[in-house]
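Report on the structure given below.
Note that these values count all heavy atoms, side chains included, but never hydrogens, waters or copies made by symmetry. Labels below follow one simple rule: chain letters A, B, ... track the order of the sequence lines, proteins then strands, and each chain is numbered from 1. Given the structure is predicted, the values throughout are model-derived calculations rather than measurements.
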Protein chains: 4
Amino acid sequence: MITNKRDQILIATRDLIFEQGLQSISMAQIAQRAEVGMGTIYNYFASKEELVFHLYDAIKAAMSAYVLEGYDESQPVMARFLHLLTSVAVYGMQHPREFRLIEQLASVPFVQEMADPNAYALTAMMNQLFTEAQSQHLLKDLPPAVITLLISGALNALVEAHATQQVKLTDTLIEQTVAACWDAIKR
Amino acid sequence: MITNKRDQILIATRDLIFEQGLQSISMAQIAQRAEVGMGTIYNYFASKEELVFHLYDAIKAAMSAYVLEGYDESQPVMARFLHLLTSVAVYGMQHPREFRLIEQLASVPFVQEMADPNAYALTAMMNQLFTEAQSQHLLKDLPPAVITLLISGALNALVEAHATQQVKLTDTLIEQTVAACWDAIKR
Amino acid sequence: MITNKRDQILIATRDLIFEQGLQSISMAQIAQRAEVGMGTIYNYFASKEELVFHLYDAIKAAMSAYVLEGYDESQPVMARFLHLLTSVAVYGMQHPREFRLIEQLASVPFVQEMADPNAYALTAMMNQLFTEAQSQHLLKDLPPAVITLLISGALNALVEAHATQQVKLTDTLIEQTVAACWDAIKR
Amino acid sequence: MITNKRDQILIATRDLIFEQGLQSISMAQIAQRAEVGMGTIYNYFASKEELVFHLYDAIKAAMSAYVLEGYDESQPVMARFLHLLTSVAVYGMQHPREFRLIEQLASVPFVQEMADPNAYALTAMMNQLFTEAQSQHLLKDLPPAVITLLISGALNALVEAHATQQVKLTDTLIEQTVAACWDAIKR
DNA sequence: TATGAATGAGAATTCATTCAT
DNA sequence: AATGAATGAATTCTCATTCAT
């Protein structure tokens with residue numbers, strides 16, 4: 001066997017959620033797509049919820065790692081801002097189904113319950129960055145939480161649109177967008 | 001009977017979706033909350049999907065009407081921009097469950113399928129505004145679709161956070177946010 | 001509808017357990033035998049366990065009522081002994097499937113857990129009778145619990161054999177058996 | 001390896017049935033408890049039913065052998081009666097889980113089907129004893145089958161109660177009980 | 001028009017058994 | 001002979017929808 005069953009199952013689940021959304025997919029479908037018996041899924045994951053959460057968790061961790069690769073806390077605020085936003089957008093451009101999956105699953109009740117809010121370094125890093133930026137009076141006089149919301153909201157909407165092929169992301173477009181985000185919040 | 005059954009059903013559905021999310025609510029729950037027999041729902045709506053879509057459609061139309069109230073196409077671009085964004089945010093501040101419901105339902109496959117993308121004047125108006133603004137060289141050199149995405153994404157994230165009580169919207173905060181959005185896209 | 005669905009379900013369940021034993025019957029079988037949709041069962045009973053326990057409980061209560069009909073606590077010990085044992089045996093003779101069902105279900109873990117040990121007057125009455133009999137020095141010097149066990153064990157085995165048609169119970173045979181039981185324990 | 005796999009499997013099965021009852025144990029549990037691979041079980045037993053039946057059969061044969069040890073057919077009826085009943089009770093006192101297992105399995109449909117009713121010398125011996133006793137007019141005028149039922153029922157109930165620790169069997173208690181059984185049936 | 005009991009297809013999950021290693 | 005991952009039929013339970021009253 002070249003690919004192992006566990007990975008086949010995870011890939012099948014990812015693709016089906018991407019294509020059809022979470023609520024319409026059944027374990028039978030996953031098994032069929034993964035070319036695996038239904039029981040096999042339960043050898044690796046205790047339940048459908050565990051399977052889906054594992055997928056969410058693994059992808060979020062992978063994206064977090066990708067984005068923080070080369071992130072240098074000693075750089076000035078703006079450089080770090082550019083790094084984080086650009087990396088997120090590039091990750092989304094290169095991994096549209098993973099990105100979309102995170103967005104979709106993040107709002108599902110059982111995923112929220114299972115998720116440890118402190119588990120992902122990326123979120124912490126963004127909050128820290130904005131807090132620091134504001135203490136340096138580089139930003140508008142808005143609560144850091146609001147700034148995070150605006151920036152994330154804008155960026156996610158863009159990447160999401162790329163994932164659904166409403167928009168075609170390019171390096172140039174990402175660069176322009178990140179600049180626009182900075183203009184939005186800079187003092 | 002003071003309220004008619006149809007409205008009782010719609011209100012019950014709206015509140016249940018807000019409280020529990022779409023996938024966990026059943027027709028039996030809706031009927032019970034609406035104090036109506038299960039069969040009665042089918043006198044007004046052909047299926048669960050039709051009921052939910054109608055709710056989405058009605059709320060979106062109501063929001064669209066609210067936002068476009070007093071919108072004057074003869075005003076300069078920036079005034080119109082301020083009007084639209086401020087109105088959207090104020091609507092969301094005042095009707096959090098309706099706003100959130102639209103956001104939630106917009107990503108549900110069958111709702112997307114049933115929705116006519118041109119049905120809502122608000123979306124059309126925004127697209128028109130940005131197109132016009134760009135032809136006047138007021139905006140950065142980004143595709144109008146991208147501008148719409150960024151602005152809507154940022155604003156929706158904020159109002160959504162208000163609906164889930166992560167953030168408390170105020171008139172001042174709205175004003176600041178709208179200004180930030182303008183800074184993001186202005187040339 | 002002449003019989004109501006709830007009773008059809010209970011009867012079907014009783015007969016299937018009698019014929020095949022508890023563990024081999026499925027909800028689908030019950031539904032089919034009761035000429036009812038599977039979902040209908042769940043309109044009346046929350047789960048398979050609740051259905052089975054209800055059956056146990058109802059039959060045990062009915063048997064208890066039958067046996068205690070005309071039981072006179074002011075009668076002398078021996079008369080009461082004869083009444084109780086004879087009534088149990090007669091009930092078993094007339095309702096073999098109900099009797100057997102009680103015996104079978106009594107040893108099923110979840111039934112034991114759900115059952116209130118004090119719920120059935122018959123058990124209490126027997127314990128009381130033997131305790132009283134022994135305080136009058138009418139019985140051999142054995143613990144009342146042991147006496148109850150021996151008598152119940154003997155009688156149940158007999159009725160059970162009648163239910164499975166290994167033996168044919170008659171009024172005469174019952175009379176003789178009850179007398180033998182008395183001889184076993186009398187001083 | 002000191003103990004062989006086959007015995008490990010049988011012991012694990014016996015203990016699990018004693019602890020949890022037959023229907024709740026799986027082959028996976030048995031394998032785990034026996035510290036054996038699941039496939040290994042199938043090297044020794046063709047199916048779960050065969051495994052369980054073999055267990056029943058082996059224990060029943062062992063008990064039969066124990067009880068008939070020193071049984072002397074030339075002794076008078078009463079001595080033989082005392083021997084048989086006392087031996088059964090003592091066996092049950094010393095091997096509660098084996099005794100209980102026999103009782104539990106005896107009522108399971110597939111065990112009944114697989115069992116050869118004439119296979120166990122003990123049952124045959126009891127029937128023969130009672131038939132002979134009755135031809136000597138030592139017993140009440142009850143069918144031998146009924147006498148066997150009453151005596152076995154009483155005795156089994158007692159030993160079963162010992163196995164579940166509702167009652168504590170002792171040599172004295174056994175002696176008294178066997179005497180009571182004799183009183184029940186003697187003319 | 002209003003009702004809610006009845007329905008059965010479809011969902012998640014279990015588990016005895018097989019078979020490649 | 002020993003293993004345990006893989007299998008899929010069978011099980012319990014849910015729920016959108018229908019229809020007799």
* Tell me, for nucleotides 12-21 of chain E in 5' to 3' order, what letter each nucleotide earns: B for a base near a protein heavy atom under 4.0 Å, S for only sugar-phosphate near one, - for neither? -> SBBBSBB---
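Arg6(B) meets the salt bridge (charged side-chain N to carboxylate O under 4.0 Å, His left out) test with no other residue; sequence neighbours excluded. For Glu49(D), there are no side-chain hydrogen bond (donor to acceptor under 3.5 Å, both in side chains) partners two or more places apart in sequence or in a different chain. When the side-chain hydrogen bond (donor to acceptor under 3.5 Å, both in side chains) test is applied to Lys48(C), no partner is found at least two apart in sequence or on another chain. Legend: residues meeting side-chain hydrogen bond (donor to acceptor under 3.5 Å, both in side chains) with Asn43(C), ordered by chain and number and at least two apart, are absent.
Note: CD1 (Ile30(B)) to P (dC15(F)) measures 12 Å, nearest angstrom. When the P atom of dT11(F) is taken as reference, atom CG of Leu22(C) falls 13 Å away, rounded to whole Å. As a whole-Å value, the separation of Glu50(B) CD from dA16(F) P is 15 Å. The distance from atom CD1 of Ile9(A) to atom P of dA5(F) is 13 Å, rounded to the nearest whole Å. Atom CD in Glu35(A) sits roughly 10 Å away from atom P in dT7(F) (whole-Å rounding). Between Leu51(A) atom CG and dA11(E) atom C1' there is a gap of 15 Å when expressed in whole angstrom units. The CD-C1' distance, from Gln29(B) to dA16(F), rounds to 13 Å in whole Å. Going from atom CD1 of Ile41(D) over to atom C1' of dA2(F) covers 12 Å, rounded to whole Å.
Counting only residues at least two apart or on different chains, the side-chain hydrogen bond (donor to acceptor under 3.5 Å, both in side chains) pairs with a member in residues 98-116 of chain B are Arg14(B)-Glu98(B), Arg100(B)-Glu160(B), Glu103(B)-Asn156(B).
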Pairs under 3.5 angstrom only: tabulate donor-acceptor contacts from the side chains of residues 31-39 of chain D to other protein residues two or more places apart or in another chain.
residue, atom, partner, partner atom, Å
Arg33(D), NH2, Glu19(D), OE1, 2.5
Arg33(D), NH2, Glu19(D), OE2, 3.2

Which atom pairs, donor and acceptor, lie under 3.5 Å between side-chain atoms of residues 20-30 of chain B and protein residues at least two apart or in another chain?
residue, atom, partner, partner atom, Å
Gln20(B), OE1, Ser24(B), OG, 3.4
Gln20(B), OE1, Gln29(B), NE2, 3.2
Ser24(B), OG, Gln20(B), O, 3.3
Ser26(B), OG, Gln29(B), N, 3.2
Gln29(B), OE1, Ser26(B), N, 3.3

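Side-chain nitrogen and oxygen atoms of Tyr44(A) include at least one within less than 4.0 Å of the OP1 or OP2 phosphate oxygen of dA6(F).
Aromatic ring orientation, His54(C) versus Phe45(C): tilted (interplanar angle from 30° to 60°). A perpendicular orientation is assigned to the rings of Tyr56(D) and Tyr120(D), their planes being inclined by more than 60° (bins at 30° and 60°).
Helical stems of DNA chain F (runs of at least 3 Watson-Crick or G-U pairs, donor-acceptor distances under 3.5 Å) are listed by first residue: E:2-21 with F:2-21.
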